Amino acid sequence: MRLVIAEDSLLLREGLVRLVREAGFEVVGEAGDAEDLVRKVAAHKPDVAVVDVRMPPTNTDDGLRAALEIRRRMPDIGVLVLSEFVEQGYAHELLMNNAAGVGYLLKQRVTELERFVDALRRVGEGGSVLDPEVVTQLLGRRSEGTGLAELTERERETLALMAEGRSNRGIAEDLVVTGRTVETHVHNIFGKLGLEPEARDHRRVNAVLRYLTEREAG
Amino acid sequence: MPEPGADILVVGTGELAAVAARPPLEGAGHRVRTVPDGQGALEELERQLPDVLVTEWRMPRLDGVELCRTVRVRGDFDATHVIVMTAAEDPDRAVTALEAGADDYLATPFEPAELLARVRNGRKAAQLRASEARLRALMANIPGAIYRCAPDRDWTMELISDEIERISGYPPEDFIDNAVRTYASIIHPEERGSVEAAVFEACEAGRPFVLEYRVERADGGETWVLERGQLVHGTNGRTWLDGAIFDISARRQAETERRQKEAEQARVAELRASRARIIEATDAARRRIERDLHDGAQQEFVAVALSVRFLVGHLETTAPDAAPLAQEVLDEQNAAIDSLREFARGIHPSVLSERGLVRAVEAFAHRLPMPVKLHEAPSDRLPQPVETAFYYVIAESLTNTCKHAGASRAAVGIGRADGRAWAEVSDDGEGGAVLGEGSGLSGLADRVEALDGHLEVRSDSGGTTVRAEVPCAS
């Protein structure tokens, strides 16, 4: 899998490059700012662009804007956005319209090697990745009077992993249950929340995100 | 230069009037009216006052002396000269006539030339008297002290009207010929020199002067006066300063009060501006610290964590016993990164600068263990100082709600209308919030007031509502 890595801190960029190379990825381009990133992605057509949110030129959300531009211009290229902090609002901007091939993670997740590599693969294959921290923000509220209140503890855990973009198989491994059990949980969750069942993982993320966000507005 | 004829009323029926007086007067070009006696004279006077009244002593109805007494009490008779014709052999009559108010007497028999001379002089005297009376009336009625003084350093007064007593507390007689004190002596010592210089300079240049200065009153107080005057040349080669002095204390007082008020307003505005600057500077510093933490410490921590991760991988193959220890270090490092992230967010939420108030409030609300409904959010960004102030108002109020209010839900509204922007946080808690010294709310009030707005807190058993409103041009 071919990657372009955009990170303005040289130290971190070198660490990241070394990390993904050791994990078997090919780094075809490195960028130190948002414009450099868009240019290199357009030139190399990687499978995934790994993007730091805060980068030059303005050192605010340039990376995020570049990621959105890549999504718009080159929808086939996966984008994994890394940030020192994650906000549900930014997740919304990145994933709401089309979560296929998009990931949004806290930067420090790179030290959890297996999860990070898994996230890269999933994004490269058109899946979705959402940081557990964002999911916690979305779920960590009182839920009286909503479908969430009717979920069992296990179903809640399953919902959180779905929102993170995990597949049924991944959820089964995480919860140490059979794939069939997960399927049952998922079925029940969609029923209780009144959502149309979605086969594709990234569409599931969209559905769950939309449900959780609209719960806020309601 | 021949004088125009005078208007003369001759009173009497006797030989004196008809023969001795009338013909020469008419001969000299005067207009002569005649009436037979005093009563007739009074009726004629109602029609028009003459310049000169010449009357006989003895008359049937109202004699000459009675006529004099009657007309002299009239206020408008100063301009008429009264001559009584009396018999020369009785000097007492002359005295009686003068005491009764006659201006002059003429002993019979008299030469026509003498009569004409006395009429001429009398008329002049009466005119002078009349103009003096007019001047005095003017002086009494003008709201200022009218004066005529010598252009000397004492301002030696020839005349000064009564108003000076109201201004200075000293009667006008004090100043006439410097009888008791000089006018210069009551000018405030600090201004005496400059007044003198200004007056002399104006006199030299031949132009009028207008001065404002203080006068020291008899009671020890001060009166602000405005003086207008100019140098005039008298008939006998003398020069005078003629002018008027007005009391302008009330105006000065009002001006002083206005200046004080303006100064006070300026001070308050400056205070508010400086408070706004302090808050602005603090906010800028917080943004900078957050950015420094993000671009510096946080990045470095993650880089270190990554290195430790490599170390863990290395140890797993070379020294498996040591690997768990390194993993522990990595976990602690990640926990430190979490703490640092929360710390930076508390200093300044970057989503506020990057995406605005509404998104920042949404992000804040997401972290609360309580549902927060956001209604009426403006679609446009508000000015940065307003957004920052509102963010802290909303965040602090929601934090209070979670900590103290025992509320089950809260609502946030943000809006903009009619040149004002507002933010409101309400909950269904038990109330008890006060906007007092030392409370977090008073810090919020400072922020809002620095933007010329105000913070309102309503708190009772039905819940608490905190509302901030600031001017905000659309």
Side-chain angles (χ1 to χ4, degrees), chain A residues 7-19 22-23 52-56 58-62 64-65 82-93 106-114 116 133-146 148 212-213 215-218, chain B residues 287 290-291 293-314 327 329-331 333-338 340-345 349-356 358-375 377 408-409:
Chain A
E7 163 64 64
D8 60 319
S9 155
L10 188 63
L11 196 63
L12 257 176
R13 191 163 76 223
E14 284 178 348
L16 268 174
V17 169
R18 181 180 157 197
L19 182 87
E22 282 181 8
D52 177 22
V53 167
R54 212 186 282 200
M55 277 198 300
T58 72
N59 274 314
T60 56
D61 59 346
D62 306 66
L64 189 73
R65 292 177 192 276
L82 299 179
S83 177
E84 247 90 18
F85 64 89
V86 288
E87 295 283 2
Q88 174 260 338
Y90 292 141
H92 194 274
E93 286 177 28
L106 269 179
K107 197 182 273 182
Q108 74 204 77
R109 303 292 182 216
V110 301
T111 64
E112 301 167 43
L113 195 57
E114 278 142 42
F116 180 60
E133 162 93 10
V134 180
V135 175
T136 309
Q137 284 176 31
L138 287 167
L139 285 171
R141 321 285 297 280
R142 291 194 197 174
S143 48
E144 291 138 25
T146 71
L148 288 180
L212 293 175
T213 317
R215 187 171 64 93
E216 297 307 315
Chain B
R287 285 194 293 273
E290 189 271 341
R291 175 163 298 191
L293 282 175
H294 184 286
D295 298 347
Q298 280 178 294
Q299 297 267 36
E300 285 158 20
F301 273 33
V302 173
V304 170
L306 198 53
S307 299
V308 176
R309 180 64 191 85
F310 289 127
L311 178 64
V312 171
H314 181 71
Q327 181 63 46
V329 172
L330 179 58
D331 293 345
Q333 180 73 6
N334 270 324
I337 293 170
D338 288 339
L340 191 59
R341 183 173 62 244
E342 287 311 310
F343 179 63
R345 199 202 309 280
S350 39
V351 64
L352 178 59
S353 328
E354 291 167 11
R355 291 291 185 274
V358 175
R359 293 280 297 275
V361 168
E362 281 172 353
F364 184 85
H366 270 112
R367 294 188 165 72
L368 296 175
M370 177 181 63
V372 176
K373 183 172 169 155
L374 181 65
H375 57 93
S408 67
R409 51 179 34 79

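Keep in mind that this is a model prediction, so the values were computed, not measured.
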TODO: Please report the C-alpha distance between A:Leu16 and A:Val110 in whole Å, then the side-chain angles of each, then the deciding distance to 0.1 Å, and finally whether the side-chain contact (heavy atoms from CB on, under 4.5 Å) criterion is met.
DONE: CA-CA 8 Å; A:Leu16 268 174; A:Val110 301; 3.7 Å; yes
Open item on the list: Checking A:Asp61 against B:Arg355 for the side-chain contact (heavy atoms from CB on, under 4.5 Å) test, could you report, in this order, the C-alpha distance in whole Å, the side-chain angles of both residues, the deciding distance, and whether it holds?
Closed with: CA-CA 9 Å; A:Asp61 59 346; B:Arg355 291 291 185 274; 2.2 Å; yes
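If you measure heavy-atom distances from A:Glu93 to chain B, the contacts under 4.5 Å come from the side chain alone. Only the backbone of A:Val86 comes within contact range of chain B, judged by heavy atoms closer than 4.5 Å. Interface remark: B:Leu306 contributes backbone and side-chain atoms alike to the contact with chain A (heavy atom separation under 4.5 Å). Proximity to chain A (any heavy atom under 4.5 Å) is shown, for B:Arg291, by both the backbone and the side chain. Contacts between A:Arg13 and chain B at a heavy-atom distance below 4.5 Å are absent for every atom of the residue. Looking at A:Arg65, the atoms closer than 4.5 Å to chain B (heavy atoms on both sides) all sit in the side chain, from C-beta outward.
Per-residue counts of heavy-atom pairs under 4.5 Å with chain A were compared for B:Ser353, B:Ser350, B:Ala360, B:Ala363; the largest is that of B:Ser350. Your options are A:Glu112, A:Arg18, A:Glu22, A:Lys107, and the one with the most heavy-atom pairs under 4.5 Å with chain B is A:Arg18. With respect to chain A, the highest number of heavy-atom pairs below 4.5 Å among B:Asn334, B:Ile337, B:Asp295, B:Leu330 belongs to B:Asn334. Contacts with chain A were tallied for B:Arg309, B:Gln333, B:Glu300; B:Arg309 has the most, counting heavy-atom pairs under 4.5 Å. Put simply, of A:Asp52, A:Leu11, A:Asp8, A:Leu113, the one with the most heavy-atom pairs under 4.5 Å next to chain B is A:Leu113.
At a threshold of 4.5 Å between non-hydrogen side-chain atoms, the residues A:Glu84 and B:Arg341 do not count as touching. At a threshold of 4.5 Å between non-hydrogen side-chain atoms, the residues A:Phe116 and A:Leu19 count as touching.
Using bins of under 30°, 30° to 60° and over 60° for the plane-to-plane angle, the ring pair A:Phe85/B:His294 lands in the perpendicular bin.
No hydrogens or angles considered: a donor-acceptor pair under 3.5 Å links the side chains of B:Gln327 and B:Asp331.
Salt bridge status for B:Arg367 with A:Glu87: present, with a side-chain N to carboxylate O gap under 4.0 Å.
For the pair B:Asp338 (side chain) and B:Ala336 (backbone), a donor-acceptor distance under 3.5 Å is absent.
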